[in-house]
Amino acid sequence: MPELPEVEVTRLGFASAIAGARIVAVRMGKPLRWPLGCEPVSLSGQQVHTVRRRGKYLLLDVDQGILLLHLGMSGSLAFTADPGEPGKHDHFDLHTSAGVLRLHDPRRFGAAVWVPGEDSPQARKLLGHLGVEPLDAGFDLSAFCTAMRQRIAPVKQVLLAGEVVVGVGNIYASEALFQAGIRPTTRAARLSRPRLARLHHAVRDVLTRAVAKGGSTLRDFSNTQGESGYFQLEAMVYGRAGQPCKVCDTPIRSIRQGQRATFFCPQCQKA
DNA sequence: AAAAGCCCCTGGATGC
DNA sequence: TGCATCCAGGGGCTTT
């Protein structure tokens, strides 16, 4: 479910509330994607300082190291004073003096991993290859063009890979390419600078608007208060196969790229 | 170095 | 309230 906007909405929902709280206990459910990487009890007593985001990872700075959280495909976090008994898909609880942060993740592609520091091998394995943050000032057009020109793969898959720019998942890749008027199958290296400039702007614009709408809730995404996002209502192409393009009425097409669905308008995105 | 496939896992929708 | 099949917002790993 969660792409950059959903992860950022999640972060905003509990970052200030948990800052300064002390970890009281950790409860683990069924195994997630990776082991925690430390004894759960060793986290107890540590203070949570800040909650940052890198791509689709959340980074909780604690006294000793960093707790990385990832929502995978089906994860969501809730932060509440009294969460009640954990359900069958609640696989990680961080009990703190300010409330309980609970990871709900039916498919268990998500993760909670402790790493000793940002430069540790454990952290580098997960974060080291990530591209630039699209909402940061460091998302520079020239650097974006240089990186895209190195890639012969279809532009949609280059966006998804997260090595040039992070945070763009399956929904927002299709949406950004529609906004930029670029066919998802076009090889990244073949895009002219003006078209890359349109894409650069579209990525930032789509993600920013999605954060403002609380993200997209296609199935089960909810923020830390359990509320849905609304950006899916504004989707121009994602999930709209066969329906008329909102701009030109041409039926939206669906194709598969790297075992993921891609949506585009054959009229508005000619090349 | 980069690209393409595979796989992790559960549940909902659809078809028979 | 039976299957079997396909699909789903991610991404690391292995193989080309």
Salt-bridge criterion met for [X] and [Y] (N-O under 4.0 Å):
X      : Y      : answer
A:R52  : A:E118 : yes
A:E133 : A:R54  : yes
A:K213 : A:E234 : yes

Heavy atoms under 4.0 Å, any strand shown: does [X] hit a base, just sugar-phosphate, or nothing?
X      : answer
A:A161 : nothing
A:H91  : nothing
A:Y172 : nothing
A:Y57  : sugar-phosphate
A:R33  : base
A:R151 : sugar-phosphate
A:G258 : nothing

Does [X] make a side-chain N or O approach to OP1 or OP2 of [N] shorter than 4.0 Å?
X      : N      : result
A:K125 : C:dG11 : no
A:H70  : C:dG10 : no
A:H89  : B:dC9  : no
A:K30  : B:dC9  : no
A:R260 : C:dG10 : yes
A:R187 : B:dA2  : no

Of the options [options], whose atoms approach the side-chain atoms of [X] most closely?
X      : options               : value
A:E3   : B:dA4, C:dG12, C:dG9  : C:dG9
A:H129 : C:dG12, C:dG9, B:dA3  : C:dG12
A:Q259 : C:dG10, B:dA4, B:dC6  : B:dC6
A:R108 : C:dA8, B:dT10, C:dG12 : B:dT10
A:F109 : B:dC8, B:dG11, B:dG5  : B:dC8
A:M73  : C:dG11, B:dA4, C:dA8  : C:dA8
A:I152 : C:dG10, B:dA4, B:dA3  : B:dA3

Atom P, compared across B:dC9 and C:dC3: separation rounded to whole Å
23 Å

Between C:dG9 and B:dA3, how far apart are the C1' atoms? Round to whole Å, please.
->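 That atom pair is separated by 23 Å.
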
| field | Contacts of type ring-ring contact (aromatic ring centres under 6.0 Å, His included), residue A:H91, not counting sequence neighbours | value |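 A:H91 satisfies ring-ring contact (aromatic ring centres under 6.0 Å, His included) with no residue once adjacent residues are dropped.
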
Heavy atom of residues 201-208 of chain A under 4.0 Å from DNA chain B: which residues?
->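 Nucleic-acid contacts, sorted: none.
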
Practice item. Begin from the C-alpha positions of A:D205 and A:L207 and carry the test side chain to side chain contact (heavy atoms under 4.5 Å, CB included) through to its verdict. Key: CA-CA 6 Å; A:D205 185 66; A:L207 296 178; over 6 Å; no

Centroid-centroid under 6.0 Å between A:F178 and A:F264 rings: no

Mind checking whether A:F231 and A:Y172 have ring centres under 6.0 Å apart?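 They qualify: ring centres under 6.0 Å apart.
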
Report task. Test for a donor-acceptor pair under 3.5 Å between the base of C:dG10 and the side chain of A:R107, counting only N and O atoms. Result -> no

Requested in this report: Could you verify whether a donor N or O on one side chain and an acceptor N or O on the other, from A:D63 and A:H49, lie under 3.5 Å apart?
Outcome: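 Yes, a side-chain donor-acceptor pair sits under 3.5 Å.
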
When you look at A:N170 and A:R260, which way does the side chain to side chain contact (heavy atoms under 4.5 Å, CB included) test go after all the steps? CA-CA 8 Å; A:N170 213 35; A:R260 319 289 303 272; 3.7 Å; yes

ask   = Starting at CZ of A:R124 and ending at P of C:dC13, how long is that distance when rounded to a whole Å?
value =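 Whole-Å distance recorded here is 16 Å.
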
To the nearest angstrom, the NE2-C1' distance between A:H104 and C:dG9 comes to 14 Å

Applying the 3.5 Å cut-off to both distances, the Watson-Crick or G-U partner of B:dC9 turns out to be none

Watson-Crick or G-U wobble mate for C:dG9, both contacts under 3.5 Å: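 C:dG9 is paired with nothing.
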
